[in-house]
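Note on naming: letters A, B, ... go to the chains in the order of the sequence lines (proteins, then strands), and numbering restarts at 1 for each one. Model, not experiment: these values are computed from the prediction.
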Amino acid sequence: MNAGVLVASLMVASVPILLAALGELVVEKSGVLNLGVEGMMIVGAVTGFIAAYHSGSAVLGFVGGAAGGAALSMIFALLTQFLMANQVATGLALTLFGQGLASLLGQSYVGQKPPLTGKLPFGPLADLPFVGPVLFGHDWVVYFSVLAVAAISWFLTRSRGGLVLRAVGENHDAAHSLGYKVRLVRVAAIGFGGAMAGLGGAYLSLVRVPQWTEGMTAGAGWIALAIVVFASWRPWRVLMGAWLFGGISVLQLNMQAAGSAIPVQYLSMSPYLITILVLVIMSSGRSRASLGAPASLGQNFHAAR
Amino acid sequence: MERRTILKGGAALGLAAGIAPRSLLAADPVKVGFMLVGPKNDTGWSQHHYDAAMKAKEKLGDGVELMVQESVAEGADAERVMSQMALGGAKLIFATSFGYMDSVQNVAAKFPKVMFEHATGYKTAPNASAYNARFYEGRAVCGYIAGKMTKTNKIGYIGSFPIPEVVQGINSSFVNARKANPAVEIAVVWISTWFDPAKEADATKALLDQGCDVVLAHTDSTAPLAALKAAGKFGFGQSSDMAEFAPTPRLSSIIDNWAPYYEERIKAVIDGTWKSQNVWYGIKEGMVGIGEISDAVPADVKAEAEKIRDGIAAGTVHAFQGPLNKQDGSAWLKDGELPDDGTLAGMNFFVEGITTKMPS
């Protein structure tokens with residue numbers, strides 16, 4: 001089995017969940033729980049596909065995917081931040097709505113082919129053993145997703161904006177009394193989360209499959225949600241988690257193709273087992289804080305209270 | 001009968017001044033339910049059932065009203081959907097996935113006056129038929145072409161679940177690929193779903209990474225063909241012709257041709273001649289079709305593949321013909337012996353030469 005190809009394909013396979021999970025991480029860090037990731041992903045997959053198909057440009061397709069996801073997330077923002085709807089229920093509804101909307105939008109695009117997203121040209125570097133396929137054999141979105149991890153990590157821990165965002169997520173009343181615009185911060189975070197989920201969806205329909213089919217996200221949004229918890233709300237751990245999930249799903253297919261004797265069911269369930277294990281270990285600590293969950297997660301904020 | 005229908009009938013009676021015969025007034029359309037496991041535009045399995053239903057309706061005209069429910073999960077949801085169709089007045093319900101089998105049996109017992117048709121299963125009841133196609137006959141043709149077209153002597157196969165229908169296909173592909181090319185090997189990947197384009201694409205890539213250069217799929221989307229196109233390798237259409245991928249990567253295809261059967265069975269309900277049955281039709285009856293073999297296949301291979309197709313239709317060639325051993329080396333078929341339908345329908349073993357172990 002060629003280890004380089006394997007690592008390279010796990011990096012590609014984990015891009016959609018990585019992008020979506022990064023977006024959701026920022027949303028949750030601002031104290032909002034948006035369970036509509038799956039819906040935003042699939043809408044991003046279809047709007048990205050439509051944009052790429054009509055413009056003939058894959059890059060514009062990704063812009064379209066991000067815009068589609070962000071647009072859908074604004075419905076969530078309106079309902080939860082201004083109309084004070086319950087976040088869990090609204091998020092679930094958003095997923096159902098997004099799936100229906102995506103099938104409607106995508107009806108006449110089934111079976112069409114999108115413009116191709118090529119690998120970045122690294123010349124002879126791509127031919128190096130192991131390092132070639134792993135570091136120099138990808139399309140730009142893969143590099144973008146890793147850069148996004150670094151950028152978000154820097155933003156959350158090193159920048160003033162990130163500090164405000166975290167303050168809003170930890171204690172919205174305190175942040176409000178200091179004069180920060182809780183709602184504005186949260187709406188911006190929700191929009192960012194939607195755009196990232198849309199990008200993840202667009203990666204599915206433009207690169208990984210690449211075509212539009214109804215229901216194509218097939219639960220990737222839920223895995224992204226799980227990864228955020230698994231990573232205890234830390235960006236670099238999100239990257240680890242996404243590679244673990246993506247890696248195991250690719251590895252089990254490759255092991256089957258290579259004729260391995262290990263029953264595939266063990267491999268398929270291992271990421272979930274690890275998630276449970278990590279949760280148990282981390283939550284056996286003193287409090288919820290040891291898990292890293294933002295203290296105001298899922299609570300609506302009203303200035304009058 | 002609802003009050004509105006009675007009123008309508010009454011109005012019609014009044015208009016016709018009481019001279020219209022009673023039977024004309026009773027001509028309410030027959031409601032026929034179709035339950036699909038995937039979206040009706042999945043470009044594969046479910047779309048093909050849906051298109052066949054539409055074709056049958058076109059032929060039968062206004063006398064038929066369709067109730068279609070797509071993306072119904074196998075399990076409790078399926079029972080709920082079928083019960084709802086039955087309560088909604090459906091006279092005949094088609095359940096078009098293997099996993100609906102027990103649900104069909106349960107609901108059929110509750111609604112003895114409603115007729116059921118279950119695709120690819122084997123359980124029947126007085127008001128529930130089973131119908132299936134001999135997909136493995138089509139696999140024999142595709143397997144032969146795959147054996148001739150592979151340069152690495154390694155073909156890949158994406159399986160959904162290890163059920164007899166899929167196992168028959170793998171065995172048939174392999175046996176006939178070996179006829180074409182004795183050095184050929186097969187790698188099997190199970191993905192535990194009928195429809196997940198991303199996973200199907202990943203599985204295809206995994207098989208390509210392992211050195212396969214022709215990949216057959218027994219799943220429902222066109223994702224494997226899209227991945228094969230990107231890699232410049234070969235595959236086959238599955239369920240529907242998938243001609244948009246011809247001439248490469250799609251070399252040929254196995255087409256499920258349900259429409260004539262649907263028309264026949266709906267008509268039987270209208271005429272009151274419907275009887276429970278268990279049919280298994282193949283290339284001969286036209287339920288399994290072989291798509292146009294593309295120009296990427298050399299002419300002699302194409303001619304040989306067509307000879308296999310026609311031979312199966314005529315009954316002179318068989319997908320499985322002895323001598324054949326099971327994977328563990330024990331004898332299955334003696335020289336010249338043909339398997340009986342019972343063994344085929346319950347096939348749960350690989351033939352000799354396949355190295356992948358059957359999942360337990």
Side-chain angles (χ1 to χ4, degrees), chain A residues 1-2 4-6 8-10 12-17 45 99-100 102-103 106-114 116-118 133 201 203-205 207-220 246 249-265 268-269, chain B residues 37-44 46-47 70-71 154-159 162 185-212 215 220-227 229-230 240 242-245 354-360:
Chain A
M1 200 182 296
N2 185 337
V5 173
L6 199 65
S9 51
L10 85 83
V12 172
S14 53
V15 166
I17 46 177
Q99 285 169 338
S103 342
Q107 257 174 359
S108 51
Y109 295 93
V110 174
Q112 307 287 358
K113 294 179 197 76
L116 284 181
T117 306
Y203 191 75
L204 273 177
S205 64
V207 181
R208 201 154 141 229
V209 175
Q211 60 180 0
W212 161 253
T213 31
E214 210 175 288
M216 69 183 309
T217 49
S249 64
V250 167
L251 186 68
Q252 63 111 342
L253 293 172
N254 268 282
M255 287 182 72
Q256 282 196 63
S260 146
I262 303 174
V264 292
Q265 291 84 346
S268 320
M269 68 185 176
Chain B
V37 72
K40 69 183 179 207
N41 56 356
D42 67 354
T43 69
S46 290
Q47 175 166 359
E70 49 184 327
S71 303
K154 213 168 163 191
I155 59 178
Y157 203 108
I158 303 171
E185 282 176 39
I186 195 167
V188 181
V189 169
W190 300 102
I191 63 168
S192 305
T193 173
W194 287 108
F195 182 82
D196 182 342
K199 215 166 177 185
E200 290 168 54
D202 282 348
T204 311
K205 285 172 197 157
L207 285 165
L208 294 175
D209 287 349
Q210 295 303 326
C212 301
V215 176
D220 296 353
S221 86
T222 47
L225 283 176
K229 189 177 178 66
S240 62
M242 302 185 178
E244 67 270 25
F245 286 96
I354 298 180
T355 48
T356 313
K357 289 273 172 294
M358 180 74 68
S360 47

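- Within the 4.5 angstrom heavy-atom criterion, only side-chain atoms of Gln211(A), from C-beta onward, approach chain B.
- How far CG of Asp220(B) is from OG1 of Thr213(A): 11.0 Å, rounded to the nearest 0.5 Å.
- Atom CD of Glu70(B) is separated from atom CD of Glu214(A) by 5.5 Å, given to the nearest 0.5 angstrom.
- Evaluated for a side-chain contact (heavy atoms from CB on, under 4.5 Å) with Pro197(B), the options Leu204(A), Val209(A), Thr217(A) yield exactly one hit, Val209(A).
- Heavy atoms of Glu185(B) lying under 4.5 Å from chain A are absent altogether.
- Among all heavy-atom pairs drawn from Ala257(A) and Leu207(B), the shortest one is CB-CD2, 3.7 Å.
- Separation of atoms OG (Ser221(B)) and CE (Met216(A)) is listed at 8.5 Å; rounding is to 0.5 Å.
- Applying the salt bridge (Lys or Arg N to Asp or Glu O under 4.0 Å) criterion to Asp202(B), with sequence neighbours excluded, gives Arg208(A).
- With chain A as the partner, the residue from Ala201(B), Pro39(B), Ser71(B) showing the most heavy-atom pairs under 4.5 Å is Pro39(B).
- Taking NZ of Lys40(B) as the start and OG of Ser103(A) as the end, the distance is 10.0 Å to the nearest 0.5 Å.
- The side-chain hydrogen bond (donor to acceptor under 3.5 Å, both in side chains) search around Thr204(B) returns none, not counting sequence neighbours.
- In terms of heavy-atom pairs under 4.5 Å with chain A, the best-connected choice from Val189(B), Asp209(B), Asp196(B), Ile186(B) is Val189(B).
- Heavy atoms closer than 4.5 Å to chain A are found in the backbone of Val188(B), but not in its side chain.
- Neither the backbone nor the side chain of Thr355(B) comes within less than 4.5 Å of any heavy atom in chain A.
- In terms of modelled atom types and a separation under 3.5 Å, the side chain of Gln256(A) and the main chain of Trp190(B) share a donor-acceptor contact.
- Ranking Ala223(B), Ala226(B), Ala206(B) against chain A, the residue ahead of the rest is Ala206(B), based on heavy-atom pairs under 4.5 Å.
- For Phe245(B), the part sitting under 4.5 Å from any heavy atom of chain A is the side chain, from C-beta outward, and nothing else.
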Could you please spell out the steps behind the side chain to side chain contact (heavy atoms under 4.5 Å, CB included) verdict for Lys113(A) and Lys229(B)? CA-CA 11 Å; Lys113(A) 294 179 197 76; Lys229(B) 189 177 178 66; 4.0 Å; yes
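- Atom CG of Leu6(A) sits about 8.5 Å away from atom CD of Gln210(B), to the nearest 0.5 Å.
- The structure places CG of Leu253(A) at 7.0 Å from NZ of Lys199(B), a figure rounded to the nearest 0.5 Å.
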